[in-house]
K.L.:
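Here it is, the structure, as structure tokens.
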Amino acid sequence: MAKGKPSQAEPAACRLYLVTPPALEPAAFAPLLTEALDSGDVACVQLRLKDCSDDDIRRACDLLRPIAQEREVAFILNDHPRLARETGCDGVHVGQTDTPYRDARKILGNDAIVGVTCHDSRHLAMLAGEEGADYVAFGAFFPTATKTAEYQAEPELLRWWSELMEVPCVAIGGITADNCAPLVTAGADFLAVVNAVWGHAQGPAAGVRALNAAIEAALAGSAG
Ligand SMILES: Cc1ncc(COP(=O)(O)OP(=O)(O)O)c(N)n1
Ligand SMILES: Cc1ncsc1CCOP(=O)(O)O
Ligand SMILES: [Mg+2]
């Protein structure tokens with residue numbers, strides 16, 4: 001996701017979408033983010049801070065946003081369209097119980113990226129796509145300890161969506177280098193990950209490299 005919408009990204013068939021850990025200390029996290037982004041192909045970073053004050057989010061945006069944007073990686077804020085606009089983020093991700101898509105779009109304008117959680121639902125995804133969402137996110141595909149996931153999605157959903165629709169789809173939930181191949185071959189445009197990168201035993205750079213290699217291998221396997 002260059003500094004444009006996912007639909008305007010360069011033609012790689014599936015790219016990485018990094019979501020930050022839900023709690024972080026910006027100054028300590030900045031070098032980890034830099035390391036991750038300098039180690040391979042990343043389309044997008046989502047700042048996903050939970051149980052933080054608006055000022056904490058502002059501070060994190062001010063420090064982390066330039067690291068992504070200077071590398072032409074889109075910087076998206078989770079949940080907070082007004083803060084996303086105020087802090088110069090490239091867009092926002094909203095869930096089904098967050099600010100509705102339409103309001104988020106009004107706040108951020110037509111040039112911003114607005115992505116929408118659609119869980120395991122074709123119906124929600126079609127609504128979001130019709131309303132103008134820049135991407136729809138499906139999940140969780142695998143068990144995850146990062147969030148209590150109430151919905152479970154299957155790769156077939158990605159296949160159905162990507163065969164019928166132009167709007168890019170993001171897969172999320174428990175994705176690792178070892179399990180991502182079926183999502184890539186089913187047509188996910190982006191793989192969104194938290195633990196597979198920030199919790200990687202050899203550090204975030206190794207996490208990005210492993211996921212990049214797994215995506216490439218899956219694409220090569222499905223092309224043959
Ligand atoms: C890319 C992406 N997909 C899904 C989510 C989940 O959003 P939501 O359902 O609003 O839950 P929270 O992340 O806000 O806890 C996401 N953040 N990003
Ligand atoms: C934010 C979110 N939404 C659905 S699952 C999830 C967490 C993904 O984290 P991980 O990649 O560590 O499973
Ligand atoms: Mg949310």
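As the structure lists them, so they are numbered: ligands from 1, and atoms in each ligand from 1.
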K.L.:
Working to 10°, measure the angle at the Mg ion (ligand 3) formed by atom OD2 of Asp98 and atom OD1 of Asp79.
P.N.:
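OD2 of Asp98, the Mg ion (ligand 3) and OD1 of Asp79 span an angle of about 90°.
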K.L.:
Hey, is Asp79 one of the residues with a heavy atom under 4.0 angstrom from ligand 1?
P.N.:
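Per 4.0 Å heavy-atom rule, Asp79 contacts ligand 1.
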K.L.:
Would you kindly confirm whether Phe138 and Phe190 end up in one hydrophobic cluster when ILVMFWY residues are joined by side chain heavy atoms under 4.5 Å apart?
P.N.:
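As far as the 4.5 Å side-chain criterion goes, Phe190 and Phe138 are connected within one cluster.
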K.L.:
Under 3.5 Å between any N/O of Tyr135 and any N/O of ligand 1: does that happen in this structure?
P.N.:
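Between Tyr135 and ligand 1, no N or O pair is found under 3.5 Å apart.
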K.L.:
Would you confirm whether Gln46, through its side chain, and Ala192, through its main-chain N or O, come within 3.5 Å as a donor-acceptor pair?
P.N.:
no
K.L.:
When only distance counts, is Gln46 in polar contact with ligand 1, meaning an N/O pair under 3.5 Å?
P.N.:
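Yes, there is a polar N/O contact under 3.5 Å.
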K.L.:
What protein heavy atom sits nearest atom 1 (C) of ligand 2, and how far off is it?
P.N.:
Arg48 NE, 3.5 Å
K.L.:
Heavy-atom distances under 4.0 Å decide this one: backbone, side chain, both or neither, for Gln96 against ligand 1?
P.N.:
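It is neither; nothing of Gln96 touches ligand 1.
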K.L.:
Return the residue, atom name and 0.1 Å-rounded distance of the protein heavy atom closest to atom 5 (S) of ligand 2.
P.N.:
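So the nearest neighbour among protein heavy atoms is Gly173 CA, 3.7 Å.
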K.L.:
Does any N or O of ligand 1 fall below 3.5 Å from an N or O anywhere on Asn78, backbone included?
P.N.:
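For ligand 1, there is an N or O atom that lies under 3.5 Å from one belonging to Asn78.
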K.L.:
When you measure from the side chain of Asp90 to the backbone of Ile76, do you find a donor-acceptor pair of N or O atoms at a distance under 3.5 Å?
P.N.:
no
K.L.:
Is any NZ, NE, NH1 or NH2 atom of the basic residue among Lys50 and Asp79 found under 4.0 Å from an Asp or Glu carboxylate oxygen of the other?
P.N.:
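Yes, Lys50 and Asp79 are salt-bridged.
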K.L.:
Taking heavy atoms and a distance under 4.0 Å, where does Val194 meet ligand 2: side chain, backbone, both or neither?
P.N.:
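Within the 4.0 Å criterion, Val194 contacts ligand 2 through backbone and side-chain atoms alike.
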K.L.:
Out of curiosity, Leu16 CG to Cys180 SG, how far, rounded to the nearest 0.5 Å?
P.N.:
8.5 Å
K.L.:
Which atoms of ligand 1 sit under 4.0 Å from any heavy atom of Lys147?
P.N.:
11 (O), 12 (P), 15 (O)
K.L.:
What protein heavy atom sits nearest atom 13 (O) of ligand 1, and how far off is it?
P.N.:
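The closest one turns out to be Arg48 NE, 2.7 Å.
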K.L.:
Assess whether side-chain contact (heavy atoms from CB on, under 4.5 Å) is satisfied between Asp120 and Glu154, documenting all intermediate values.
P.N.:
CA-CA 8 Å; Asp120 60 345; Glu154 300 297 331; over 6 Å; no
K.L.:
At a 4.0 Å cut-off, with the gap strictly under it, does some heavy atom of Val193 reach an atom of ligand 2?
P.N.:
yes
K.L.:
If we only consider heavy atoms of Gly174, is any one of them less than 4.0 Å away from an atom in ligand 2?
P.N.:
yes
K.L.:
List the closest protein heavy-atom neighbour of atom 3 (N) of ligand 2: residue, atom name, distance to the nearest 0.1 Å.
P.N.:
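The closest one turns out to be Lys147 CD, 3.4 Å.
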K.L.:
Under 4.0 Å from any heavy atom of Lys50, which atoms of ligand 1 are there?
P.N.:
12 (P), 14 (O), 15 (O)
K.L.:
Does the side chain of Lys147 come within less than 4.5 Å of Arg48's, by heavy atoms?
P.N.:
yes
K.L.:
Out of Val197, Thr146, Leu191, Leu18, whose heavy atom is nearest to atom 7 (C) of ligand 2?
P.N.:
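Heavy atom nearest to atom 7 (C) of ligand 2 belongs to Thr146.
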K.L.:
Under 3.5 Å between some N or O of ligand 2 and some N or O of Asn195?
P.N.:
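Asn195 vs ligand 2: N/O contact under 3.5 Å present.
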K.L.:
To which protein heavy atom is atom 2 (C) of ligand 1 closest, and what is the distance rounded to 0.1 Å?
P.N.:
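For atom 2 (C) of ligand 1, the nearest protein heavy atom comes out as His93 CE1, 3.3 Å.
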K.L.:
Kindly compute the distance separating SG (Cys52) from CD1 (Ile57), expressed to the nearest 0.5 Å.
P.N.:
6.0 Å
K.L.:
Can you tell me how the ring of His119 sits relative to the ring of Tyr151, calling it parallel under 30°, perpendicular over 60° and tilted otherwise?
P.N.:
parallel
K.L.:
Which is closest to atom 9 (O) of ligand 1 by heavy-atom distance: Val94, Thr117, Val116, Asp98?
P.N.:
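When every heavy atom of Val94, Thr117, Val116, Asp98 is considered, Thr117 comes closest to atom 9 (O) of ligand 1.
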K.L.:
Using a 4.5 Å cut-off on heavy atoms from C-beta on, say whether the side chain of Val193 contacts that of Leu18.
P.N.:
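They are in side-chain contact.
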K.L.:
Between the main-chain N or O of Thr176 and the side-chain N or O of Asn179, is there a donor-acceptor pair closer than 3.5 Å?
P.N.:
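Yes, the answer is positive, given that a donor and an acceptor are paired below the 3.5 Å cut-off.
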K.L.:
For the backbone of Thr117 and the side chain of Gln96, can you confirm whether one donor and one acceptor N or O come within less than 3.5 Å of each other?
P.N.:
yes
